[in-house]
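Throughout, protein chains are lettered first and strands after them, A, B, ... in sequence-line order, and every chain is numbered starting at 1. Just so it is clear, the structure is predicted and the values come from calculations on it, not from any experiment.
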Protein chains: 2
Amino acid sequence: MTPPSGPPLGLLLARTSKAVGRAFNAALAESGGSLPIWLVLANLRGSAWPSQLELAHAVGIEGPTLTRHLDGMEAAGLVRRVRDAADRRAFNVELTDAGSALHDRLVEVVIAFNRRLQTGISPAELAALRDVLGRLEANVR
Amino acid sequence: MTPPSGPPLGLLLARTSKAVGRAFNAALAESGGSLPIWLVLANLRGSAWPSQLELAHAVGIEGPTLTRHLDGMEAAGLVRRVRDAADRRAFNVELTDAGSALHDRLVEVVIAFNRRLQTGISPAELAALRDVLGRLEANVR
DNA sequence: TATTGTTATACTCTATAACTATA
DNA sequence: TATAGTTATAGAGTATAACAATA
């Protein structure tokens with residue numbers, strides 16, 4: 001018999017992710033980023049998206065929410081919306097040089113954050129964590 | 001040598017907690033709750049708080065944010081703010097019967113959610129998860 | 001003066017519904 | 001009619017700064 005230990009797992013997870021999420025956001029903000037900006041940048045770098053909506057869902061948000069972020073990012077000179085020649089309803093979203101540069105900086109930030117986050121945690125523990133996290137997500141899907 | 005495996009841990013954690021957090025909120029909402037409401041209720045049941053600010057910090061928010069939640073909860077008849085006789089600046093926040101009843105219902109929701117969340121995950125894995133989660137939080141503090 | 005809590009205000013992230021322009 | 005994306009609007013959760021009442 002294993003007795004229940006401490007707060008419910010959901011609460012523990014919420015608390016941890018709140019703390020980690022805040023620290024992550026703060027780290028990104030220091031370099032001029034944010035979590036959604038980084039997600040968009042990371043999904044843009046390397047992949048071409050057939051539509052903004054698919055990009056949005058890859059990021060985990062709805063279309064209008066992506067529009068808002070892209071508006072801000074375009075105003076900041078990070079991305080460009082180019083009309084698709086074949087289907088003039090669609091846009092191809094492209095990284096500008098500034099967008100690529102920010103992406104590169106944020107990658108460094110993410111790597112450093114990751115290193116800090118993982119301090120004192122063994123590779124085996126990390127692998128187990130990844131595995132269990134994946135199963136938790138599947139359990140609520 | 002253990003090669004890097006998959007997305008950065010921070011991203012994985014963000015994604016998992018987003019998914020789990022949404023499902024958790026949805027489960028609480030079905031019974032008329034929300035994450036902050038549940039946190040306030042859970043912290044109120046059992047403990048007496050010397051000040052609202054300490055309650056706020058126990059919940060993980062600032063004073064004015066708690067004021068907002070308490071306003072809503074008081075309007076919904078879940079809590080009562082009673083002036084402290086000894087220090088008339090302070091309020092004692094008390095659960096009403098409706099607040100206690102909601103707390104009881106939400107406890108059930110939380111237990112059920114927890115059960116769903118933990119499906120197929122062994123006690124040893126859960127214990128390891130709790131441990132690692134705690135260390136992750138400490139690493140960013 | 002210091003503290004408790006509220007008010008005023010604003011920001012970020014999110015969503016749904018209605019609209020425009022293409023197809 | 002259907003689809004890609006935007007605009008309009010709204011709501012939840014959060015914070016900081018200024019304030020009132022009390023100590």
Q. Going by an N to O cut-off under 4.0 Å, is there a salt bridge joining A:Arg135 and A:Asp131?
A. yes
inquiry  = Check B:Asp71 with B:Arg81, please: is the shortest side-chain N to carboxylate O separation under 4.0 Å?
reply    = yes
On a heavy-atom basis, which atom in [X] and which in [Y] lie closest, and how many Å separate them?
X        : Y        : answer
B:Gly120 : B:Glu125 : O-OE1, 4.3 Å
B:Ser31  : B:Arg105 : O-NH2, 3.8 Å
B:Arg89  : B:Arg83  : O-NH1, 3.7 Å
A:Leu55  : A:Asn43  : CD1-CB, 3.7 Å

I want to verify a distance call: between [options], whose nearest atom is closest to the [X] side chain?
X       : options              : answer
A:Arg88 : D:dT7, C:dA23, C:dT4 : C:dA23
A:Arg89 : C:dT4, C:dA23, D:dT7 : C:dA23
A:Asp87 : C:dT6, C:dA23, D:dT6 : C:dA23

Axis-to-axis angle for the helix from C:dT1-D:dA23 to C:dA23-D:dT1, ends of five pairs each, to 10°, equals 30°
Specify whether A:Phe24 and A:Phe113 have parallel, tilted or perpendicular ring planes, treating 30° as the upper limit for parallel and 60° as the lower limit for perpendicular.
-> tilted
Euclidean distance, [Y] [atom2] relative to [X] [atom1], rounded to 0.5 Å:
X        : Y        : atom1 : atom2 : value
A:Leu53  : A:Leu66  : CG    : CG    : 8.5 Å
A:Asn25  : A:Arg22  : CG    : CZ    : 10.0 Å
B:Asp104 : B:Leu102 : CG    : CG    : 9.0 Å

Rounded to whole angstrom units, what separation is found between the [atom1] atom of [X] and the [atom2] atom of [N]?
X       : N      : atom1 : atom2 : result
A:Met73 : C:dT12 : CE    : P     : 15 Å
B:Leu70 : C:dT6  : CG    : C1'   : 11 Å
A:Glu54 : D:dT3  : CD    : C1'   : 12 Å
B:Leu53 : C:dA2  : CG    : P     : 17 Å

Expected list for residues 77-85 of chain A near DNA chain C, using heavy atoms below 4.0 Å, is none
task = Kindly say if A:Ser51 contacts the phosphate of D:dT3, meaning a side-chain N or O under 4.0 Å from OP1 or OP2.
result = no
Check: Has A:Thr67 got a side-chain N or O lying under 4.0 Å from the OP1 or OP2 atom of D:dT6?
Finding: yes
Exercise. Got a donor-acceptor contact below 3.5 angstrom from the A:Thr119 side chain to the A:Arg116 backbone?
Worked result: yes
Quick test: give all pairs of protein nitrogen or oxygen and nucleotides 13-19 of chain D nitrogen or oxygen below 3.5 Å, distance rounded to 0.1 Å.
residue, atom, partner, partner atom, Å
D:dT14, OP1, A:Lys18, NZ, 3.3
D:dT14, OP2, B:His69, NE2, 3.0
D:dT14, O4, B:Arg68, NE, 3.2
D:dA15, OP2, B:Glu62, N, 3.0
D:dA15, OP2, B:Thr65, OG1, 3.0
D:dA15, N7, B:Thr65, OG1, 3.4

